[in-house]
Amino acid sequence: MVTPLANPTTFLLDESGNVVRIIYLSYCSRARNMVADVDLCGQTVILQNTAESHATIAAFIGHNYECLGYRKMRTEGCDLGIILEYFKLLLRIKSADYQYVYFDARIINDVNDIVRNVMQLNTKAFCYITKNHSDNRCYCGITNDLDCQMEELKKKDVMISDNNVCAILCANKDIAVSVEKLLIEKFCIKPTHTIENCNNVTEQDASLVYLLKP
């Protein structure tokens, strides 16, 4: 008979309300167990080493899946909001996987000047993305949160070649939209090839234009 299992991940909040402890109990291997403390105020994550995590988990199980000084969090209401803050922090940590190159074009209002300046910088990442662009496989879009956008693309199974991403920071959304259109024209990106942006593209502060190669 197949029986349901409890969720292997437990979220706990300390008495100060600032630290979320995440305990992961693997159903497959004790070596995969994990304990991490996320400081939401300091924006830091401390991953316990093997010995520490074994001791924490032993005490956690021994106290009937309770942790002294912490309370279990629910996945609803205010608790859910705190948990989601953790996932936002996790996105920032995961961004280390990407080879981001940011270009600050906020002082330039002429769209042609922006694209020309970026091309003249001749950076490794930009050249890598745009070389051999005749294959129509460069993608671009607009966002106000590059980490969030890359996560959305991964959910859509979009592979980012060598994790190289160029991002042009424009003065406002209107300029960003014009820069995107010019990049599409210049690098033969057909409109049907552009990737649907995540919801934050509708926000007025969506002024980051990103360019990548799948």
Side-chain angles (χ1 to χ4, degrees), residues 34 36 38 42-47 84-214:
M34 183 188 76
V38 181
Q43 298 272 292
T44 58
V45 177
I46 299 174
L47 185 65
L84 291 177
E85 282 298 312
Y86 157 70
F87 284 110
K88 288 179 185 177
L89 176 58
L90 187 61
L91 279 179
R92 309 307 172 202
I93 297 168
K94 289 173 67 176
S95 70
D97 288 339
Y98 296 106
Q99 304 299 316
Y100 289 152
V101 176
Y102 285 94
F103 300 101
D104 190 350
R106 287 174 293 184
I107 63 171
I108 307 175
N109 292 320
D110 185 277
V111 174
N112 288 288
D113 277 353
I114 291 174
V115 174
R116 184 163 51 249
N117 270 270
V118 171
M119 292 177 66
Q120 287 175 350
L121 286 172
N122 199 33
T123 65
K124 180 181 177 182
F126 187 80
C127 289
Y128 175 85
I129 291 169
T130 57
K131 70 179 180 180
N132 301 321
H133 55 264
S134 59
D135 60 5
N136 291 329
R137 295 185 65 234
C138 287
Y139 292 158
C140 72
I142 302 171
T143 184
N144 65 355
D145 191 320
L146 200 57
D147 297 335
C148 175
Q149 184 64 52
M150 294 306 105
E151 187 68 12
E152 288 294 315
L153 298 185
K154 286 181 71 175
K155 289 178 182 177
K156 293 177 169 59
D157 292 326
V158 175
M159 302 299 293
I160 302 171
S161 186
D162 286 348
N163 287 332
N164 279 292
V165 182
C166 284
I168 305 168
L169 179 57
C170 302
N172 55 58
K173 183 178 178 179
D174 292 338
I175 293 176
V177 169
S178 298
V179 169
E180 179 196 26
K181 289 180 179 177
L182 187 57
L183 286 171
I184 288 172
E185 294 172 5
K186 196 167 271 304
F187 297 106
C188 306
I189 310 169
K190 296 178 181 178
T192 53
H193 285 186
T194 56
I195 305 169
E196 180 183 354
N197 293 277
C198 57
N199 292 334
N200 59 26
V201 73
T202 62
E203 300 295 332
Q204 195 55 42
D205 65 348
S207 57
L208 270 171
V209 182
Y210 63 87
L211 186 70
L212 57 90
K213 197 165 194 173

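If you're wondering where the values come from, they're calculated on a predicted model, not measured in any experiment.
- For the pair Asp162 (side chain) and Asn164 (backbone), a donor-acceptor distance under 3.5 Å is absent.
- Distance check, rounded to the nearest 0.5 Å: SG of Cys170 to CD1 of Ile142 gives 8.0 Å.
- Atom CD of Glu152 and atom CG of Asp147 lie 12.0 Å apart (nearest 0.5 Å).
- Across Ile108 and Ile175, no two heavy atoms sit closer than the pair O-CD1, 4.2 Å.
- Counting heavy atoms from C-beta on, the side chains of Leu208 and Asn144 never come closer than 4.5 Å.
- Across every non-hydrogen atom of Arg106 and Ala171, the tightest pair is O-CB, 3.4 Å.
- To the nearest 0.5 angstrom, Asn112 atom CG is 11.0 Å from Asn117 atom CG.
- With contacts defined as side-chain heavy-atom distances shorter than 4.5 Å, the pair Ile160/Met150 qualifies.
- With Asp113 contributing its side chain and Val115 its backbone, the two residues share no donor-acceptor pair below 3.5 Å.
- For Leu47, the CG atom sits in a packed shell: over 12 heavy atoms of surrounding residues, nucleotides or ligands are nearer than 6.0 Å.
- Two residues are said to be in side-chain contact when any heavy atoms from C-beta on lie closer than 4.5 Å; Ser207 and Asn172 fail this criterion.
- Atoms OG1 and OH, on Thr143 and Tyr210 in that order, are 7.0 Å from each other to the nearest 0.5 Å.
- To the nearest 0.5 Å, the span separating CE on Met119 from CD1 on Ile114 amounts to 14.0 Å.
- Between Leu169 and Tyr102, the closest side-chain pair of non-hydrogen atoms is not below 4.5 Å.
- Among all heavy-atom pairs drawn from Leu211 and Cys140, the shortest one is CD1-CB, 3.7 Å.
- No side-chain heavy atom of Lys173 sits under 4.5 Å from any side-chain heavy atom of Asp205.
- Of all the heavy atoms in Ala176 and Val209, the pair that sits closest is O-CG2, 3.3 Å.
- Taking CG from Leu212 and OH from Tyr139, the interatomic distance works out to 8.5 Å, rounded to the nearest 0.5 Å.
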